[in-house]
Amino acid sequence: MTNNEIETKWQKKWREAKLFESNPNEKEKLFITVAFPYPSGAMHVGHGRTYTVPDVYARFKRMEGYNVLFPMAWHVTGAPVIGIADRIKRKDPWTLDLYHRVHKVPKETLPSLEDPINIVKYFSNEYHEVMDEMGYSIDWRREFRTIDPTYQKFIEWQEKKLYSLGLIEQGEHPVKYCPHDENPVGDHDLLEGEGVGVNEITVIKFQLDDGRYLVPATFRPETIFGATNVWLNPEVHYIEVEVKDGISKGDKWIMSNDAFTNISNQHELEIIGDVDAKAIIGQNVKNPLTGAPLPVFPASFVDAEYGTGVVFSEPADAPADYMALQDLKKNAELLEEYGIADIAAKTEPIPTITVKGYSEIPTKDVCERLEISNQNDPKVQDATDELYKIEHSKGYVHERIEKYGGERVAYIKDVIKDDMIADGLADIIYDFAERPVICRCGTKCVVKIMDDQWFLKYGDEEWTEKTQKLLAQETIIPEEIRPNFEYYLDWLDNWACSRRVGLGTRVPWDPKWLFEPLTDSTMYMSYYAIAKYLRDMDPADLNEAFFEKVFLNKDSDEITVPAEKVKEIQDEFNYWYPLDWRLSAKDLVGNHLSFLMFTHAAVYGEENWPKGTVVFGMGLLEGNKMSSSKGNVILLRDAIKEYTADVVRLFLMASAEPWQDFDWREKEVRGTQRRLEWFRNFASRVEEIKGSKLDLSKIEDVELERSIDKWMISQLNLHIKEATEALEVFQTRQALQHALFLLKKDVDHYTYRIRPLIDKQDPAVIYVLSTVLDNWIRLLAPFTPHTCEELWSTYGGEGFASEAAWPEYDESLIDGEIEASEDLVQNIVKDIKEIKNIVDKESEKVHIYLAPEWKWDLYRIADEVGKPDVGQIIGRSIKENILDDKKEIANAAKKVAREITKTKYIGKIDEATILEDAKDFIEEEIASELVIHTDDSYDPQNKARNAMPYKPAIFME
RNA sequence: GCAGGGGUGGUCGAGCGGUCAAAGGCACUGGGCUCAAAACCCAGCGGGUUAGUCCCUUCGCGGGUUCGAUUCCCGUCCCCUGCACCA
């Protein structure tokens, strides 16, 4: 049988034994969940890590005696698959290639993915299979998809609950939007413009004499006091529109045709007709705040696509305006064409913002310093950035300006904006911070205002406070990210929770909307707890009254389910809740994980608040970020075929802690594979050494005499202890460091040490190795369950390894003296070898001298003093009279003072016995005869006085 | 910009007041096993020096606290992640 076949065999046995179907019982429960996948593509090794961590923990806890529930389901809600299906339907080559080549969907299956439902079905089925192939200990009876009718009933209840608590309200919101798809778009829907923000821009209304408005858009409403003119670009197509809604209703605005495309998604606008920019240039508009007449001038830097395509000029603080004004004054042809020579000559920057380190006209300083030549010079952007930043943070409104003069820019700009809006002098539009923003369908995106959007009020103060309380009582792993959570909970504002397009559950009180995916996934752990009942029930029975009773114990006569059934379901919920651990990736801290906390805080009492959250890092592939869309992934299924599930699991758990980024490097994976192979070989070697059938359930007890045997048992217990403690807090890497790598090192050392006994069927060796193996199989069972089951059954373990008891360590067997003993032996060997290396002549006999009693006293005293204080050490030693020769004491004390900070003092050890015990080994290692002296009766070269505790003196003859 | 995290040897990555020239892996070097290779085992892996020693340099950079700092404090430079309507 190949290793892959062995794995399949055990998966089948587990399934047949219903090993992971968890029902309430008298044991202590443990409920662990991990963010369920959105199955829009194949599972890769990055996902593998995400789901292996909870599995390892679940298996570990099961072995510790807990009744563990580890469920799984499919988050199929949302819009992305709609877009994917659409692109497959349109035969978009990039998408087809991605799904065929990267996600490995067979060619003949591809056409069926034109239906979004089939995409999520196809991949959730695949996920399920691959999770089985990975050996996950999931209770599949609780599997569901988020569009199952029963789940939708649950979501309806949940959201109505929040609605009734006043935590959902209606409002308006700007979103990135694709006019072609008629749907808001997220970053992953974009061809270009990922991460581009949406900015709010103030539109200031400058009225022409005929009553129409030029409507420049600006980030800097405070510079309105320095406005000298308005710019239009004669090359741009302008139109006149009538505003049909909002605070500017009835206004007639002039803007660029390109701007209209965007703004018409935010305001209801009616096109009146084209406008000839040339006819307006030269006319005057009125500064809405000061009433001053301002001329309209031509400028080429004006971008038709940005804002409104109209710009007001503030040459004192906007470098582009300053340069455009300079350019205009020099351009006789233009001045003549529009008959604006006189007025242009009179137009000068007006000091408006004062900022330390700059003159009254900061643009002049900057443009001259950067040697900007004209308005289309790319350096204009640098100048603008510099001034915007410095004036925003350190600028003040000029003293000459009434009402706002002397105020900080950062503070007053919003005041000025709000004042103008209140007075009907300004309005708001939204635009992208950068362009272009292009949808995957190829259409340019716009900013649209969704005005009957539903919001979850995560900005609500009381709710936030309660959620902070929930967070405070949770265990967060790693603890360092707690401040992140605290920050996010406060920062989160109202969340648009409804969508028009996608898969999902309809808003019960406003069915044209669907709940978006981050909203219908905040409480499903509750659903898991009872899912095994609901799957066979009639959705019609799952009314609000039912859920209120099950989750919140509220009685009602509207419950249609038989009372005893309700009771059973309710009991199960109460058994599993609260959730013990929630696991999810780092990038969900600011939304999903926080939302989960909000929802639980709102709906449940403290007794049902989640108790712990674990946050994951990302996956790298040979040092590069893993990404399906870039094709830079290894599919989990391929990895299993290549290396087996156990190797994949082991590598993922050993290469990094869960919250760190791991790096899938083939070379290291191969190394892991060899390590596991070594472990299997070790098991068979133990049987070989025993010389007869190995039965781990019947290991014969042996009283250990040799130090090295005790040492091995001590190390075993130490590693069990360390691994257990690490695993308790999800440190899978640290746990494996002990449970596999360091233990292996020690076993290597042990077998090396006892190698002359290896084929002598020494009872102690057999006992030690059998005991190691017995514990070791169980220690690794959570990580490499298939291999461990196989070894367990081969070598006589009882029942499933998955159900065996987690190894217990015996603190009393972890023996510092034994450790020190072995160190002593190793150091002697090392020292002798080193001396042999330096002195090139061969020696037949090596004498070693042990430290006399009084030096041990000295060491003890130094340890009591605790710091390298030679005076104090000598003083105390003399007082205790450890030796008559005070000079000797002083000499040794100096040495000890230095040593004491480098050695751990564990008390006196019986060096003579230890060395005698290891004499054969040492002699073989040094290839000489060894003579151990406890006194200096034979000491021709006077070496004995060098002896110190833990460090005998050496004389080579 | 705001917030959070981080800079360790050829490399990945532990350590977070003394036991640290710094765990473990990988790479590399020497040795064993073998006809040979892989695997496996032993040893070395900053520099110099030595009867097992000691010295110098080193944990981004510069200061400080301490008998003692990779570990604590201050400053400084650099890097990564998140900043939303999206799974």
Side-chain angles (χ1 to χ4, degrees), chain A residues 35 37-41 75 77-81 173-176 184-190 195 197-198 389 392-393 450 453 455-456 458 478 480-488 491-499 516-519 521 585-592 617-618 623 654-657 659-663 665 667-668 670-672 674-675 677-678 681 733-734 736-738 740-742 744-745 748-749 751-752 755 827-828 830-839 843 866-869 897-905 925 941 943 946 951-956:
Chain A
Y38 182 74
S40 66
H75 195 205
T77 322
V81 288
H173 194 75
V175 294
K176 280 181 201 167
V185 288
D187 272 347
H188 58 275
D189 297 320
L190 296 177
V198 170
K389 216 179 265 178
H392 181 79
S393 55
M450 309 293 272
Q453 175 68 259
F455 287 89
L456 270 158
Y458 295 135
E480 292 86 72
I481 61 143
R482 183 183 291 280
N484 251 316
F485 274 107
E486 288 168 352
Y487 169 80
Y488 275 116
W491 171 82
L492 277 164
D493 202 353
N494 293 347
W495 176 265
C497 64
S498 54
R499 292 291 175 278
E516 61 82 40
L518 284 167
T519 299
S521 56
K586 226 196 286 214
D587 49 339
L588 297 181
V589 169
N591 47 52
H592 167 259
M618 302 289 166
S655 68
E657 300 295 4
W659 44 92
Q660 297 172 326
D661 295 348
F662 75 91
D663 191 356
R665 276 179 292 188
K667 210 162 194 167
E668 306 265 346
R670 294 258 172 239
T672 308
R674 283 201 302 272
R675 208 42 54 89
E677 201 49 52
W678 179 95
N681 287 339
R733 178 190 153 95
Q734 175 76 359
L736 275 172
Q737 206 57 233
H738 286 280
L740 182 55
F741 300 99
L742 295 176
K744 174 193 175 288
K745 234 181 139 126
D748 278 340
H749 180 72
T751 46
Y752 186 71
R755 94 202 105 130
N827 286 335
I828 281 286
K830 206 170 172 179
D831 286 348
I832 294 172
K833 278 184 175 170
E834 195 162 337
I835 297 168
K836 281 198 165 186
N837 242 332
I838 297 163
V839 189
S843 58
K867 47 183 178 180
D869 183 340
R898 236 186 359 230
E899 285 293 309
I900 194 75
T901 58
K902 290 199 274 184
T903 323
K904 76 178 160 208
Y905 174 78
E925 282 297 297
Q941 285 195 15
K943 297 280 185 193
N946 291 337
K951 198 169 182 63
I954 298 165
F955 165 55
M956 289 179 22

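Bear in mind that the values here come from a model prediction, so they are computed numbers and not experimental data.
- At a threshold of 4.0 angstrom between heavy atoms, the contacts of A:Lys745 are confined to the sugar-phosphate backbone, with no base atom among them.
- The closest side-chain heavy-atom distance from A:Lys951 to A:Asp831 is below 4.5 Å.
- In this pair, A:Tyr487 and A:Trp491 present their aromatic rings parallel. The plane angle is below 30°, not in the 30 to 60° band.
- Remark: the separation of the P atoms in B:G60 and B:G13 is 15 Å, to the nearest Å.
- Residue-level contact check: A:Arg733 touches the bases, meaning some heavy atom is under 4.0 Å from a base atom.
- Among the protein residues, A:Asn681 comes within range of no part of the nucleic acid, since none of its heavy atoms lies under 4.0 Å from any strand.
- B:G48 and B:U57 have their C1' atoms separated by 11 Å, with the value rounded to a whole Å.
- Ionic pairing of A:Glu925 and A:Lys836 is not present here: no N-O contact between side-chain nitrogen and carboxylate oxygen is shorter than 4.0 angstrom.
- Side-chain nitrogen and oxygen atoms of A:Lys943 include none within less than 4.0 Å of the OP1 or OP2 phosphate oxygen of B:A51.
- Shown here are the side chain to side chain donor-acceptor pair (under 3.5 Å) partners of A:Thr519, two or more places apart in sequence or in another chain: A:Glu516.
- Counting non-hydrogen atoms under 4.0 angstrom, A:Trp678 reaches the backbone sugars and phosphates but no base.
- Base engagement by A:Leu588 is indicated by at least one non-hydrogen atom pair under 4.0 Å involving a base atom.
- B:G68 and B:G52 have their C1' atoms separated by 26 Å, with the value rounded to a whole Å.
- Here A:Lys951 reaches the OP1 or OP2 of B:U53: one of its side-chain N or O atoms lies under 4.0 Å away.
- Base engagement by A:Glu668 is indicated by at least one non-hydrogen atom pair under 4.0 Å involving a base atom.
- For the pair A:Gln734 and A:Phe455, both in contact range of RNA chain B, the more 5′-proximal nearest nucleotide belongs to A:Gln734.
- When heavy atoms are screened at a 4.0 angstrom cut-off, A:Ile832 is found touching no nucleic acid atom at all.
- Here the separation of B:G9 from B:A21, taken at their C1' atoms, is 9 Å to the nearest Å.
- Counting any heavy atom pair closer than 4.0 Å across all strands shown, A:Asn827 reaches no nucleic acid atom.
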Could you list the protein-to-nucleotides 2-7 of chain B atom pairs, N/O on both sides, closer than 3.5 Å?
| residue | atom | partner | partner atom | Å |
| --- | --- | --- | --- | --- |
| B:G4 | O2' | A:Asn484 | ND2 | 3.1 |

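- Contacts of A:Ala35 with the nucleic acid, taken as non-hydrogen atoms under 4.0 Å apart, are absent.
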Please report the C-alpha distance between A:Trp495 and A:Leu518 in whole Å, then the side-chain angles of each, then the deciding distance to 0.1 Å, and finally whether the side-chain contact (heavy atoms from CB on, under 4.5 Å) criterion is met. CA-CA 10 Å; A:Trp495 176 265; A:Leu518 284 167; 3.6 Å; yes
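- Looking at every heavy atom in both residues, A:Tyr38 comes nearest to A:Val81 through OH-N, 3.2 Å.
- Distances shorter than 4.0 Å separate some side-chain N or O of A:Lys830 from OP1 or OP2 on B:G44.
- Straight-line distance between the C1' atoms of B:A37 and B:C45: roughly 24 Å, to the nearest whole Å.
- Spacing of P atoms, B:U50 relative to B:C55, comes out at 15 Å, to the nearest Å.
- Among the protein residues, A:Pro952 comes within range of the nucleic acid bases, having at least one heavy atom under 4.0 Å from a base atom.
- Residue A:Asn591 is in base contact, counting any heavy-atom pair closer than 4.0 Å across all strands shown.
- Comparing A:Gln737 and A:Pro174 by the nucleotide of RNA chain B that holds the closest heavy atom to each, the one mapping nearer the 5' end is A:Gln737.
- For the C1' atoms, the distance linking B:U76 with B:G7 amounts to 14 Å, nearest Å.
- Side-chain N/O atoms of A:Lys744 include one lying less than 4.0 angstrom from OP1 or OP2 on B:C41.
- One finds no side-chain N or O of A:Arg670 lying less than 4.0 angstrom from the OP1 or OP2 phosphate oxygen of B:A27.
- Note on A:Asp663: nothing from the nucleic acid sits closer than 4.0 angstrom, heavy atoms only.
- Rounded to whole Å, the separation between the C1' atoms of B:A23 and B:C59 comes to 15 Å.
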